[in-house]
J.: 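Quick one: the structure is below, and I'll ask about it shortly.
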Amino acid sequence: MRKKLVLSIIIFTILFIIDQVLKYGFTHFNLNVDGPYMSLQLAYNYGVAFSMFSFLAEYLKYIQLSMVIAGFIYLLKNKEVFTEYYLPITLLFAGGLSNILDRFTYGGVVDYLYWHYGFEFAIFNFADIIINCAVAIIIFMQIKQWQAERKEKKNKS
């Protein structure tokens with residue numbers, strides 16, 4: 001447990017700093033670059049994914065921070081969940097807290113990666129990539145667990 005916690009703190013710190021440095025660069029220097037598939041373009045997201053709930057812009061930082069605190073309290077009471085899912089949990093916290101810090105610092109989430117090849121996609125950031133990787137890891141782990149349980153149940157029959 002202790003090794004996983006230390007590793008989580010290291011991973012969290014590295015990813016959080018990388019994301020915040022990137023966002024600082026885009027907000028303070030003109031780093032915009034147009035590419036054939038993807039462009040680097042500064043944008044602020046005042047809502048959540050795809051700017052949904054942007055009408056809650058003033059309150060989202062508090063709502064999201066409350067959700068992170070509730071998740072943290074849950075993990076304190078359910079240490080076995082952290083032990084099993086420490087990597088995706090670390091990724092979720094790093095990306096989520098970095099985006100929440102943006103709301104307090106810049107008034108909205110700093111986005112800068114704009115995919116526009118074949119179809120126009122939302123503008124996103126490194127923290128969003130981290131969060132999506134965490135969700136993918138959780139789904140993968142759940143599928144593996146489901147397969148193992150199914151196999152075990154089949155062997156008992």
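No experiment lies behind these values; they were computed from the predicted model shown.
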J.: Is it possible for you to say whether Val109 and Ile63 belong to one hydrophobic cluster, with membership spreading through side-chain heavy-atom contacts below 4.5 Å?
T.: no

J.: More than 12 foreign heavy atoms under 6.0 Å from CE of Met38: is that the case here?
T.: yes

J.: Side-chain heavy atoms nearer than 4.5 Å, only ILVMFWY residues, links allowed to pass through others: does that put Phe124 and Val21 together?
T.: no

J.: If you group Ile, Leu, Val, Met, Phe, Trp and Tyr by side-chain heavy-atom gaps below 4.5 Å, do Ile10 and Ile137 land in one group?
T.: yes

J.: Does any part of the side chain of Ile73, heavy atoms only, come nearer than 4.5 Å to the side chain of Lys77, both counted from C-beta?
T.: yes

J.: Is there side-chain contact between Leu15 and Phe126, with heavy atoms separated by less than 4.5 Å?
T.: yes

J.: When rounded to the nearest 0.5 angstrom, what is the spacing between OG1 in Thr90 and CG in Leu5?
T.: 8.5 Å

J.: If you measure from CG on Leu65 to CZ on Arg103, what distance do you get to the nearest 0.5 Å?
T.: 11.5 Å

J.: Got a second to check how far Asn99's CG is from Gln64's CD, nearest 0.5 Å?
T.: 7.5 Å

J.: Looking at side-chain heavy atoms only, is the closest gap between Phe93 and Ser8 below 4.5 Å?
T.: no

J.: For Ala134, give me all partners under side chain to side chain contact (heavy atoms under 4.5 Å, CB included), at least two apart in sequence or on another chain.
T.: Pro88, Leu91, Leu92

J.: Does the plane of the ring in His116 sit parallel, tilted or perpendicular to the ring in Tyr114? Use 30° and 60° as the thresholds.
T.: tilted

J.: Treating Asn132 as the side-chain partner and Asp128 as the backbone partner, does any N or O pair qualify as donor plus acceptor under 3.5 Å?
T.: yes

J.: Could you check whether any side-chain heavy atom of Leu101 comes within less than 4.5 Å of a side-chain heavy atom of Phe16, counting everything from C-beta outward?
T.: yes

J.: Do the side chains of Trp146 and Met141 join up, straight or via other hydrophobic residues, at under 4.5 Å, putting them in one cluster?
T.: no

J.: Taking Asp34 for its side chain and Ser39 for its backbone only, find out whether a donor-acceptor pair lies under 3.5 Å.
T.: no

J.: Is the number of heavy atoms from other residues, nucleotides or ligands within 6.0 Å of CZ (Phe104) greater than 12?
T.: yes

J.: Check whether any side-chain heavy atom of Tyr44 sits under 4.5 Å from a side-chain heavy atom of Asp111, and report yes or no.
T.: no

J.: Once rounded to the nearest 0.5 Å, what's the spacing between atom CD1 of Ile130 and atom CG of Asn125?
T.: 8.5 Å

J.: At what distance, to the nearest 0.5 angstrom, does OH of Tyr106 lie from CG of Leu42?
T.: 9.5 Å

J.: Evaluate the side-chain proximity of Glu84 to Gln145: yes if any heavy-atom separation is below 4.5 Å, no if none is.
T.: yes

J.: Whether the side chain of Lys61 engages the backbone of Ile100 through a donor-acceptor N/O pair (distance < 3.5 Å, no angle test) should be reported.
T.: no

J.: Asp102: what forms a salt bridge (Lys or Arg N to Asp or Glu O under 4.0 Å) with it, not counting sequence neighbours?
T.: Lys23

J.: List the atom of Ala127, the atom of Asp19, and the distance in Å for their closest heavy-atom pair.
T.: N-OD1, 3.1 Å

J.: With side chain to side chain contact (heavy atoms under 4.5 Å, CB included) as the test, would you mind laying out the steps for Leu76 and Phe82 before giving the verdict?
T.: CA-CA 8 Å; Leu76 286 175; Phe82 176 79; over 6 Å; no

J.: After noting the C-alpha distance and the side-chain angles of Leu31 and Tyr112, does the key distance pass the side chain to side chain contact (heavy atoms under 4.5 Å, CB included) rule?
T.: CA-CA 9 Å; Leu31 300 179; Tyr112 48 83; over 6 Å; no

J.: Would you check, one step at a time, whether the test side chain to side chain donor-acceptor pair (under 3.5 Å) holds for Gln142 with Tyr85?
T.: CA-CA 10 Å; Gln142 287 289 297; Tyr85 293 95; 2.2 Å; yes

J.: In the structure I gave you, are the side-chain heavy atoms of Ile129 and Leu113 within less than 4.5 Å of one another anywhere?
T.: yes

J.: Can you tell me if Ser98 uses its side chain to pair, donor with acceptor, with the backbone of Gly95 under 3.5 Å?
T.: no

J.: Taking only residues two or more places apart in sequence, or in another chain, which ones meet Glu149 in a salt bridge (Lys or Arg N to Asp or Glu O under 4.0 Å)?
T.: none

J.: Roughly how far, to the nearest 0.5 Å, is CD1 of Ile11 from OH of Tyr86?
T.: 6.5 Å

J.: Are Ile17 and Leu97 connected, step by step, through hydrophobic side chains (Ile, Leu, Val, Met, Phe, Trp, Tyr) whose heavy atoms are closer than 4.5 Å?
T.: no

